[in-house]
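Per chain, numbering begins at 1; letters A, B, ... match sequence-line order.
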Amino acid sequence: MKNKDLLKENNVVMWEEEKIASFQKTLLDWYDSSKRDLPWRQTSNPYYIWVSEIMLQQTQVDTVIPYYNRFITTLPTVQDLADADEDTLLKLWEGLGYYSRVRNMKSAAIQIVAEHNGVFPKDYKDIIKLKGIGPYTAGAVSSIAFNQPQPAVDGNVMRVLSRLFELKIDIGKASSRKVFEEMIRHLIDQERPGDFNQALMDLGATICTPKNYKPETSPIKEFNASYLNETWKQYPVKKTKKSSREEHYIVVAAKNSKGEYIFEKRGAKGVLSGMLTFIMINRDSLDEGNWKSFEGKVDELGQQHHKQLQALLKKEYGVTVKLNDEIKGKLTHVFSHLKWQLTVIEADIIDESMLMPQVQLIHPEQFEKTAFPVPTQKTWELLKTLTLF
DNA sequence: TATCCGTGGGC
DNA sequence: TGCCCAAGGAT
């Protein structure tokens, strides 16, 4: 609505038409000669572009490539995605993180089948209505797959523009994105909007990087105010995030006589929602004197904390176990805003006749078919190691 | 609006 | 080592 004011309010002096045209040519010439050869650049299929964009959210290109190839091979069409079981999808996504992305993709695929006859919608206003697609992804798909002049503002674009225009707004704030989008509406090449957007992102990923930035090596250095004014070290402006919290858990790897392990399917909310972990007991739910005994070998408190853990396992999971005398080991898993400190202990299941619904027994022979988040994988790797004395 | 949501890599 | 970063979205 007041987009003109948006630039004025943030002291953005947009370039003249002639300079914009020159910038477009310089940037696209560089892109044509130096763009990265990526799998999703060998197609104009909007479904494939969409898959790549979702995977690339907060995830590096090198990580995504094998996942992308496997995903589109296994599920070549929107209909295939809409029909896929969640277990299949999670196995395809295993290790990528942010698992709600793939659940949202299935919802969106069902939307596309129901509302667009299975054909990926062409217009930004329809694309952004799809689950899991926000302003960036809607702009990326509509510009790359359908050649529509929509901005696709990600972290790269904000960094590049901050430096080009000496922009002092905090790129970490959600409200900042709209300013950059309005700038792109002026700057974007109307003939090649998809290439223009991708060129800015490629530049941000390979030359205009957060660290080890050498502005004199940039193909668009002559357009870069912060380079010409030697202020480039000040950009982009980004406030530091606050540090993450830490949680301590006792991980109980309980095995029955058939060799099956108990896993918990985590609830709908919170970290790793809907994913499988070994049984985890928050250390804070045990009396202090008891959890301290887990820091090393079992001591005099052993019998007491064993009893407390066993009572919790019976009450919360419906399983009766005999705990091993010593802990198997410790491991750490770091999330974005959270750190888990895990103390792993093995156990034998004595009675599994009253299991609660959120738990399931899985034999190791089935592990390769099952999707586990990385903390569960790390725990299993620890369990497989021999304990040496 | 600020926080939550995974994981791996770089320094 | 601990932090920052990576083609963000939902709430």
Side-chain angles (χ1 to χ4, degrees), chain A residues 35-36 38-41 49-68 90 93-105 107-108 127-141 143-145 151-160 170-178 180-181 184 194-206 208-213 236 238-247 266-275 277 332-340 371-378:
Chain A
K35 69 181 174 189
R36 291 174 292 174
L38 304 172
W40 43 90
R41 288 183 176 166
I49 305 293
W50 172 41
V51 171
S52 74
E53 290 298 341
I54 299 297
M55 287 185 171
L56 286 163
Q57 289 172 5
Q58 300 293 285
T59 310
Q60 303 197 52
V61 164
D62 289 343
T63 302
V64 165
I65 289 173
Y67 283 89
Y68 169 83
L90 288 175
W93 213 266
E94 182 185 42
L96 254 191
Y98 289 156
Y99 298 96
S100 65
R101 289 185 291 179
V102 73
R103 298 191 180 106
N104 288 338
M105 281 186 82
S107 299
I127 296 174
I128 202 168
K129 290 176 185 167
L130 298 171
K131 187 97 179 203
I133 293 189
Y136 164 75
T137 305
V141 175
S143 66
I144 296 169
V153 174
D154 71 336
N156 287 312
V157 173
M158 290 193 284
R159 183 172 59 255
V160 170
D170 181 359
I171 67 169
K173 290 185 67 176
S175 59
S176 298
R177 199 198 66 250
K178 289 179 176 296
F180 293 104
E181 285 177 348
I184 294 294
D195 286 345
F196 180 89
N197 284 335
Q198 291 185 90
L200 282 182
M201 290 188 274
D202 254 29
L203 190 74
T206 61
C208 191
T209 48
K211 296 170 183 172
N212 303 321
Y213 172 46
K238 192 175 187 181
K239 286 182 184 166
T240 56
K241 287 180 283 189
K242 67 171 192 176
S243 60
S244 64
R245 69 180 187 279
E246 197 172 58
E247 296 176 348
R266 297 171 64 82
K269 293 168 63 180
V271 70
L272 296 178
S273 60
M275 304 301 288
T277 58
T332 299
H333 187 75
V334 179
F335 299 89
S336 302
H337 294 281
L338 176 66
K339 181 188 284 188
W340 279 357
F372 293 113
V374 169
T376 305
Q377 295 176 21
K378 285 183 183 173

With a non-hydrogen cut-off below 4.0 angstrom, is A:N212 in contact with a base, only sugar-phosphate, or nothing?
sugar-phosphate
Within the structure shown, what part of the strands sits under 4.0 Å from A:I54 by heavy-atom distance: base, sugar-phosphate, or nothing?
nothing
Touch class at under 4.0 angstrom, heavy-atom based, for A:G204 against every strand present
nothing
Would you mind telling me which residue lines up with the more 5' stretch of DNA chain B, A:A174 or A:L96, judged by nearest nucleotide?
A:A174
Donor-acceptor pair under 3.5 Å: do we get one between A:S336's side chain and the base of B:dG6?
yes
Pick base, sugar-phosphate or nothing for A:A205, based on heavy-atom distances below 4.0 Å to the nucleic acid.
sugar-phosphate
Separation of the P atoms in B:dT3 and C:dC4, to the nearest angstrom
14 Å
Whole-Å distance, A:L338 CG to B:dC4 P, equals 9 Å
Describe the nucleic acid contact of A:W40 in one word from base, sugar-phosphate, nothing, applying a heavy-atom distance below 4.0 Å.
base
Quote, to the nearest angstrom, the P distance that separates B:dC4 from C:dA7.
23 Å
Over all strands shown, is A:S52 touching base, sugar-phosphate only, or nothing at heavy-atom distances under 4.0 angstrom?
nothing
Classify the side chain of A:R159 versus the base of C:dA6 as yes if they form a donor-acceptor pair under 3.5 Å and no if they do not.
no
What nucleic acid atoms does A:R41 come within less than 4.0 Å of, heavy atoms only: base, sugar-phosphate, or nothing?
base
